[in-house]
Amino acid sequence: MIMLLQLDGDVVINKFTISAKKTLIGRRVECDITIDDISVSGEHATLEVEDSVEYTGEFNYYIHDLGSTNGSFVNEVEAKRQRLKHNDTIRIGWINFKFYDESKEQDTLEKTSKIKKSWIPGVFLGK
């Protein structure tokens with residue numbers, strides 16, 4: 001599952017699931033993701049999904065600025081059209097998002113250790 005996580009500092013305050021080939025982001029209520037902030041243009045940017053040329057069954061994700069007043073940024077670099085990777089930070093006007101690709105998160109999770117109770121009460125050993 002692909003999501004844009006709206007951030008306030010490091011806290012996620014809103015989650016937007018991306019399922020369409022093109023998602024319109026802006027201040028207008030007609031947008032797929034509406035952001036009620038004066039720094040965001042009416043139709044600010046789109047998040048686009050394209051089939052991967054490199055890998056069959058995979059997708060590439062892009063943020064595409066639509067000529068907005070305050071710009072779109074990926075990892076604080078201005079982007080007219082930029083490919084996105086898991087955990088990229090996107091700024092639309094002054095609103096921050098994290099690009100979240102659940103399939104990539106599974107690769108980074110640590111494995112759970114199996115613990116064994118020792119003969120000493122209250123002491124457990126990792127294995």
Side-chain angles (χ1 to χ4, degrees):
M1 178 181 335
I2 303 299
M3 289 191 285
L4 280 184
L5 308 176
Q6 186 177 351
L7 304 173
D8 185 2
D10 289 334
V11 177
V12 175
I13 60 171
N14 213 341
K15 296 178 184 179
F16 301 97
T17 302
I18 307 302
S19 57
K21 287 284 188 184
K22 191 178 273 192
T23 302
L24 181 60
I25 304 167
R27 200 171 67 236
R28 291 193 179 141
V29 294
E30 298 85 16
C31 293
D32 302 305
I33 297 175
T34 301
I35 305 168
D36 186 21
D37 188 276
I38 196 73
S39 69
V40 177
S41 295
E43 292 183 357
H44 196 103
T46 57
L47 188 109
E48 301 169 355
V49 182
E50 295 180 2
D51 293 325
S52 173
V53 177
E54 301 94 17
Y55 303 105
T56 304
E58 296 279 323
F59 300 97
N60 293 327
Y61 302 90
Y62 296 88
I63 189 78
H64 180 196
D65 187 83
L66 298 175
S68 65
T69 302
N70 293 312
S72 300
F73 297 80
V74 176
N75 301 321
E76 289 307 317
V77 176
E78 189 167 12
K80 297 298 179 195
R81 187 170 192 269
Q82 173 70 43
R83 186 173 173 183
L84 299 171
K85 301 182 308 289
H86 175 63
N87 277 336
D88 276 347
T89 300
I90 301 165
R91 183 163 55 85
I92 303 290
W94 293 111
I95 307 301
N96 289 313
F97 296 88
K98 178 82 63 177
F99 179 74
Y100 180 82
D101 183 347
E102 187 177 49
S103 68
K104 303 298 184 207
E105 187 68 23
Q106 298 301 324
D107 297 339
T108 61
L109 292 177
E110 294 181 27
K111 292 185 178 182
T112 304
S113 296
K114 188 172 183 175
I115 59 171
K116 235 181 182 180
K117 189 173 181 180
S118 75
W119 60 272
I120 304 169
V123 176
F124 296 89
L125 305 173
K127 189 169 185 175

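Model, not experiment: these values are computed from the prediction.
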Is there side-chain contact between Asp101 and Leu84, with heavy atoms separated by less than 4.5 Å? no
Just wondering, are more than 12 heavy atoms of other shown residues or ligands nearer than 6.0 Å to CD1 in Ile38? no
Group every Ile, Leu, Val, Met, Phe, Trp and Tyr by side-chain heavy-atom contacts under 4.5 Å, then state whether Val74 and Ile92 land in the same group. yes
Kindly give the heavy-atom pair with the smallest separation between Lys15 and Leu5, and that separation in Å. CG-CD2, 3.6 Å
Quick one: are Ile25 and Leu4 in side-chain contact, heavy atoms under 4.5 Å? yes
Dump the intermediate steps for side chain to side chain contact (heavy atoms under 4.5 Å, CB included) on Leu66 and Leu24, then the final yes or no. CA-CA 10 Å; Leu66 298 175; Leu24 181 60; 3.6 Å; yes
I need the single residue from Phe16, Tyr100, Tyr61 that forms a side-chain contact (heavy atoms from CB on, under 4.5 Å) with Ile2. Which is it? Tyr61
Please collect all salt bridge (Lys or Arg N to Asp or Glu O under 4.0 Å) contacts where either partner lies in residues 69-94, sequence neighbours excluded, each pair once. Glu48-Arg81, Glu50-Arg81, Glu76-Arg91, Glu78-Lys80, Lys85-Asp88
Which atom names give the shortest non-hydrogen contact between Ile35 and Phe97, and what distance separates them? CD1-CZ, 3.5 Å
Shared ILVMFWY cluster between Phe59 and Phe99, side chains joined below 4.5 angstrom? yes
4.5 Å side-chain heavy-atom contact, Thr23 and Thr46: no
Can you get from Met1 to Leu7 by hopping between Ile, Leu, Val, Met, Phe, Trp and Tyr side chains that sit under 4.5 Å apart? yes
When rounded to the nearest 0.5 Å, the distance separating CG of Leu47 from CD1 of Ile90 is 6.5 Å
Write down the atom of Asn70, the atom of Ser39, and the distance for their closest heavy-atom approach. ND2-O, 2.9 Å
Enumerate the salt bridge (Lys or Arg N to Asp or Glu O under 4.0 Å) contacts for residues 51-72, please, sequence neighbours excluded, ordered by first and then second residue. Lys21-Asp51
Can you find a heavy atom in the side chain of Arg27 that is under 4.5 Å from one in the side chain of Asp37? no
Closest non-hydrogen atoms of Val49 and Ile18, given as atom of the first, atom of the second and distance, are CG2-CG2, 4.4 Å
With sequence neighbours left out, the residues meeting side chain to side chain contact (heavy atoms under 4.5 Å, CB included) with Ser41 are His44, Ser68, Thr69
Kindly compute the distance separating CD (Glu102) from NE2 (His86), expressed to the nearest 0.5 Å. 10.0 Å
